[in-house]
Amino acid sequence: MDERLLPIWRHVIARNPGEPEFHQAVREVLETIGPVLSKRPEFARQKIIERICEPERQIIFRVPWEDDSGEVQINRGFRVEFNSALGPYKGGLRFHPSVNLSIIKFLGFEQIFKNALTGLPIGGAKGGADFDPKGRSDREIMRFCQSFMIELYRHIGEYTDVPAGDIGVGSREIGYLFGQYKRLTNRYESGVLTGKGLSYGGALVRKEATGYGLVFFLREMLKARGESLKRKTCVVSGSGNVAIYAIEKAQQLGAQVVACSDSGGYVYDPDGIDMAALKEIKEVQRKRISEYAKLRPKAKYHPGGNIWEVPCQIALPCATQNELNARDAATLIKNGCIAVAEGANMPTTPEAVRTLMAARIAFGPGKAANAGGVATSALEMQQNACRDAWSFEFTEQRLAAIMENIHRQVHQTSEEYGASGDYVTGANIAAFIKVAEPMVAMGLI
Ligand code: GLU
């Protein structure tokens, strides 16, 4: 790390004790942006980095609700509004038992940079709750969402903060959240949430966007190395929204996706993952991935298995943070992997990233590679603002163009700063400059 950044780094650790994921996300950025300070001394003078590391606003609240048996349940809700230099705060809500302030802050911090890379006018935020949707009935989910919104509504708005989904929050939850917001405010404010259902202001391609965008980015990464997805064996961890649509697009572009997973284990299907079976289990029945093997005779379920042991040329971690460690990276390299692109946020540990880059594997960091989801959220906001609805084809073309543009920027920046092909450095520097410039222009706020 540049020695000018070391005191900032130490200060972040001291001020935010017990937040390892947040520290990890900040460290990764500080380790790469040193060279910008020499070129742009005004950023140091204006303490832009110190300001970026401190959220503009953090909200923590109680979410009481009643389960189906009549028992009172208490969860903790969060919204961390990190940076609004480029536009209203924007970022998803995560409902998962692991959620805590550290996780929301790491996600919110990364979101600032990711959103900047899209080139669209959105600031960075993240929120959620330590609520576990697993095994909960629809009515319980609805009651939880309504209680969550009773506090959140006063902090959000089309021009203020626009939440969306993340792990555990899909169109069902967004529907309940939107309904409650509308009722509390008496405003049909479509642009207050994204990832809405198509029947009330949602946008085509939003559901597919993170996974599709990831594969569009991957296609560019491979192209830069004279490669393509055709006939490549691919492994995708996770089986949520990001994983499902990454698998779909990778298959459409000619790859053979042979495995996907959930927290219980992975399935291997030598014929390639069957989309109809996968969607039926995950989207319709909301069941575990182990069910997949029951529908496909040749598929095998590996309970507790490590998906990164499945030989592949392309690995797409699409589950959750720190799911791919240095040992997994070494296994991927040994098995002939040529590219890793992150569909999840921070799924690759810092040691694993170093291992992959040292072996000259093409590595696409989530901030760039998975930005298609939030970019398409910004397109949903555009459609809501002009009360319009675009076709699937048009929206997908826009998404593809955005991902190509992100790749171009990241690649060019890596070259400009003498780190050709290092997408971590390229993404961090390109995004940092995009956020720092308006912060300087707007003065000390
Ligand atoms: N949670 C997604 C992300 O990490 C989407 C956020 C959004 O659409 O606002 O980018």
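Everything numeric here is computed off the predicted structure, so don't read it as measured data. Count residues from 1 along the sequence. Read the numbers this way: they start at 1 and go in the same order the structure lists the ligands and their atoms.
Numbered from 1 in the order shown, with element, the atoms of ligand 1 that lie under 4.0 Å from a heavy atom of S377 read 7 (C), 8 (O), 9 (O). Ligand 1 places these atoms under 4.0 Å from at least one heavy atom of A164: 7 (C), 8 (O), 9 (O).
Protein heavy atom nearest atom 9 (O) of ligand 1, with residue, atom name and distance: K90 NZ, 2.7 Å. Protein heavy atom in closest approach to atom 6 (C) of ligand 1: G92 N, 3.5 Å. Among protein heavy atoms, the minimum distance from atom 5 (C) of ligand 1 is reached at R206 NH2, 3.4 Å. Residue, atom and distance of the protein heavy atom nearest to atom 3 (C) of ligand 1 are K114 NZ, 3.3 Å.
Taking the six-membered ring where the residue is Trp, the centroids of F144 and F95 are separated by under 6.0 Å. Ring to ring, H407 and Y423 are close: their centroids are under 6.0 angstrom apart.
At a heavy-atom cutoff of 4.0 Å, ligand 1 is contacted by no atom of R94, backbone or side chain. Neither the backbone nor the side chain of L107 comes within contact range of ligand 1; no heavy atom lies under 4.0 Å.
Counting heavy atoms from C-beta outward, W308 and R327 have side chains that stay 4.5 Å or more apart. Using a 4.5 Å heavy-atom cutoff, the side chains of R187 and V192 are not in contact.
In terms of polar-atom proximity, defined here as any N/O pair under 3.5 Å, N370 makes no such contact with ligand 1.
No side-chain N or O of R219 forms a donor-acceptor pair with one of S228 less than 3.5 Å apart.
At least one heavy atom of Q111 sits less than 4.0 Å from an atom of ligand 1. Ligand 1 has G165 within reach: a non-hydrogen atom of the residue lies less than 4.0 Å from it.
Of the charged side-chain nitrogens involved, at least one lies within less than 4.0 Å of a carboxylate oxygen, so that E54 and R15 count as a salt-bridged pair.
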**OP:** Apply the test salt bridge (Lys or Arg N to Asp or Glu O under 4.0 Å) to residues D130 and R76: give CA-CA distance (whole Å), side-chain angles for both, the deciding distance (0.1 Å), then the verdict.
**Re:** CA-CA 6 Å; D130 60 354; R76 187 173 291 171; 5.6 Å; no
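Under a cutoff of 6.0 Å and an axis angle of 45°, K182 and Y188 do not form a cation-pi pair.
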